[in-house]
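Taking it in order: structure first as structure tokens, then the write-up.
Bear in mind that the values here come from a model prediction, so they are computed numbers and not experimental data.
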Amino acid sequence: MLDHLVKGATVVDGTGAPARTADVGIQGGRIALIAEPGTGGSGAGATARTEEDATGLVLAPGFVDPHTHYDAQLFWDPYATPSLQHGVTTVAGGNCGFTLAPLHPDRPEDADYTRRMMAKVEGMSLTALEEGVDWSWSSFAEYLDALDGRTAVNAGFMVGHCALRRYVMGADASGGAATPEQIRQMTDLLKEAMEAGAWGLSTTQSATHSDGDGAPVASRHATPAELIALSRAVGEHEGTQIEAILAGCLDQFSDAEIDLFVEMSAAAGRPLNWNVLTIDSAVPERVPRQLLASERARKSGGRIVALTMPILTPMNMSLGTFCALNLIPGWGDVLALPVPERIARLRDPGVRAELLRHAVSEEAGVFRRLTDFGRYVIGDTYSDANAGLTGRVVKDIAAERGLEPFHCLVEICAADDLRTVLWPMPTDNDPASWALRRETWQHEDVLLGGSDAGAHLDRMCGAPYTTRFLGDCLRGRKLVPLERAVRMLSDDPARLLGLRDRGRIAVGHHADLVLFDPERIDAGPATLVHDLPGASPRLDSRALGVVSVRVNGVETVRDDRLTGAIPGRLLRSGRDTRTVSTR
């Protein structure tokens with residue numbers, strides 16, 4: 001007898017095959033039956049302890065998010081919200097070179113350094129990190145054990161290069177180059193973590209990544225020799241790979257960066273994925289330049305995969321808190337000033353002119369898409385002077401006041417002591433950019449992902465990309481058919497990560513399943529909630545049209561709501577992932 005039977009669903013199995021009507025049976029956490037409705041596959045009706053009629057609903061594999069930062073949140077939120085409600089059943093954490101382990105047992109101050117770094121570089125609440133995580137581990141193995149059996153989603157983790165460096169070099173990690181002996185110690189520590197189940201190495205050399213003291217994070221000081229040595233160690237363990245960020249990920253790679261990516265992937269004989277490929281018809285040369293790294297890697301025994309988002313991620317910004325504008329060259333120093341001095345500087349016409357010059361410069365890279373200030377929409381306001389402005393577009397207000405748009409935006413924000421919530425409307429929401437996205441998605445080394453779920457909590461909400469993309473495919477732009485869209489969210493990332501028996505609806509596979517209403521599937525608007533430890537804020541988005549989500553056969557979501565079950569598995573390399581060799 002089956003544990004559960006989903007009857008008459010429109011099955012989209014993740015392979016890209018045409019949808020078909022079928023009954024799907026679950027037993028022991030795996031898919032035990034896929035059959036024509038009412039046949040049981042052998043001429044007799046299948047029986048089950050529980051069953052449901054899924055007529056008119058789509059049954060798809062659980063979605064796989066290849067780029068999250070749920071490393072801390074899972075300790076206070078085992079459901080990885082809101083990703084789970086949006087059909088994500090497996091998450092990959094430990095990205096961008098940042099992990100909570102290993103921590104040196106003789107240096108308790110390293111935990112505080114790590115918390116402050118994560119608060120700065122990944123926009124996590126420092127209060128939540130302090131109150132919501134017990135920080136009881138030292139080794140990466142102990143960190144994994146602390147999460148094992150405590151999550152509603154399946155989760156696997158890379159090892160952060162910054163943590164490896166800090167463990168071996170202490171405070172000197174955020175300084176100069178490592179010695180050969182220190183590199184050897186780092187590779188040994190990485191191997192130890194992979195033996196415990198880490199998925200491989202993540203690293204960053206992005207100029208935007210600074211620690212809690214404002215200094216470049218530790219991995220930014222690594223030499224190519226150090227990166228190659230660590231990459232080679234990744235190739236010595238089963239089911240591993242590399243995730244890496246370089247400065248050129250934000251716009252266009254330099255020749256040296258392409259060379260480094262190619263050498264790292266080839267040395268490991270493993271895929272290397274990077275985040276995030278921004279597609280904009282106004283910069284048509286970006287996509288071919290970024291994918292040149294993929295073409296060269298395949299010729300050298302490697303594989304480089306670009307992650308890209310299929311939606312425009314909702315962003316919540318203000319001139320009073322750290323946001324994407326801080327990362328534009330020339331802006332950070334002004335926006336880091338105390339608020340009264342910041343307001344005075346922003347009101348200076350000369351300063352504004354200089355900021356606008358930097359905003360449209362080549363050095364601004366992808367952040368140029370956020371600098372058409374007339375397109376910004378005003379969110380929450382806090383002063384009588386701004387009453388009635390919520391929901392209005394800055395260029396309209398500026399026209400009424402006879403001001404240049406950025407000057408107008410500054411005056412609005414100044415009236416609120418810079419607390420005004422701003423919603424940027426990126427410039428790459430035009431038909432040509434969406435057509436370019438559809439074309440780019442066809443490339444064999446382009447993968448959907450880059451949600452950053454679990455990070456930048458009060459500034460952006462990328463977790464709902466799965467349901468929003470499906471809604472767009474079914475009822476919006478219809479850039480790809482449903483079958484391909486589901487494959488892009490499930491089987492494609494599962495194959496890149498080497499997940500064993502996940503990503504498809506197939507007999508014998510783990511029963512990670514999403515049942516949804518194709519007429520309603522979507523994501524609600526991003527709203528600010530205060531549900532983190534210490535009542536810290538984050539952006540959340542409700543899933544629409546998700547009838548059920550099952551993880552390893554157990555229902556975790558019913559009618560868009562959590563059930564309270566925690567059937568997720570800590571996925572360890574080798575045991576739960578196979579090697580995806582590039583050689």
Donor-acceptor contact below 3.5 Å, side chain Thr68 vs main chain Ala92: yes

Ser265 side chain to Arg303 backbone, donor-acceptor under 3.5 Å: yes

Any residue meeting salt bridge (charged side-chain N to carboxylate O under 4.0 Å, His left out) with Asp148, in chain and number order, not counting sequence neighbours: Arg572

Set of side chain to side chain donor-acceptor pair (under 3.5 Å) partners for Gln73, sequence neighbours left out: Asp77

Residues Asp512 and Arg502 bridged, charged N to O under 4.0 Å: yes

NZ/NE/NH1/NH2 to OD/OE distance under 4.0 Å, Asp23 and Lys7: no

Asp71 and Thr99: side chain donor to acceptor below 3.5 Å: no

Any His4 side-chain heavy atom under 4.5 Å of Arg550 side chain: yes

Pairing residues for Glu195 by the salt bridge (charged side-chain N to carboxylate O under 4.0 Å, His left out) criterion, not counting sequence neighbours: none

Spacing of CZ belonging to Arg368 relative to OG1 belonging to Thr278, to within rounding of 0.5 Å: 11.0 Å

Residues Arg569, Asp576: salt bridge by 4.0 Å N-O rule: yes

Under 3.5 Å donor-acceptor, Arg298 side chain and Ala293 backbone: no

Distance (rounded to the nearest 0.5 Å) between Leu539 CG and Met460 CE: 9.5 Å

Distance, nearest 0.5 Å, that separates CG of Asn95 from NE2 of His67: 4.5 Å

Distance in Å, Asn273 CG paired with Ile242 CD1, rounded so as to fall on 0.5 Å steps: 10.0 Å

Donor-acceptor contact present, side-chain Asp472 to main-chain Arg477, <3.5 Å: yes

Distance, nearest 0.5 Å, that separates OG1 of Thr308 from OH of Tyr465: 11.0 Å

Exam field: side chain Ser541 to backbone Ala523, donor-acceptor pair closer than 3.5 Å: no

Any donor-acceptor N/O pair, Tyr376 side chain to Leu370 backbone, under 3.5 Å: yes

Residues that His456 engages under ring-ring contact (aromatic ring centres under 6.0 Å, His included), provided they are two or more places apart: none

Sequence neighbours excluded, every pair satisfying ring-ring contact (aromatic ring centres under 6.0 Å, His included) that has a member inside residues 489-531: none

Cationic N near anionic O, under 4.0 Å, Asp428 to Arg437: yes

Side chain to side chain contact (heavy atoms under 4.5 Å, CB included) involving Thr527 - partner list, sequence neighbours excluded: Val529

Side chain to side chain contact (heavy atoms under 4.5 Å, CB included) involving Arg558 - partner list, sequence neighbours excluded: Glu52, Val547, Ser548, Glu555, Thr563

Backbone N/O of Gly197 and side chain of Arg575: donor-acceptor pair under 3.5 Å: no

CG-CG distance between Asp145 and Leu570, expressed to the nearest 0.5 angstrom: 7.5 Å

Side chain to side chain contact (heavy atoms under 4.5 Å, CB included) partners of Ser83, counting only residues at least two apart: Tyr70, Val88, Ala453, Ala463

Sidechain N-carboxylate O distance under 4.0 Å for Arg538, Asp458: no

Test salt bridge (charged side-chain N to carboxylate O under 4.0 Å, His left out) applied to Arg375 - qualifying residues, sequence neighbours left out: none

Trp274 and Phe253 aromatic ring geometry - parallel, tilted or perpendicular at 30°/60° bounds: perpendicular

Heavy-atom donor-acceptor pair, Glu243 side chain to Cys96 backbone, under 3.5 Å: yes

Any donor-acceptor N/O pair, Asp380 side chain to Val421 backbone, under 3.5 Å: no

Sequence-distant partners of Asp3, salt bridge (charged side-chain N to carboxylate O under 4.0 Å, His left out), two or more places apart: Arg49

side-chain hydrogen bond (donor to acceptor under 3.5 Å, both in side chains) between Thr89 and Asn154, intermediate numbers included: CA-CA 6 Å; Thr89 56; Asn154 305 307; 4.8 Å; no

Test side chain to side chain donor-acceptor pair (under 3.5 Å) applied to Glu295 - qualifying residues, sequence neighbours left out: none

Any donor-acceptor pair under 3.5 Å from Arg30 side chain to Gly508 backbone: yes

Pairing residues for Val480 by the side chain to side chain contact (heavy atoms under 4.5 Å, CB included) criterion, not counting sequence neighbours: Trp441, Phe469, Cys473, Arg484, Ala485, Met488

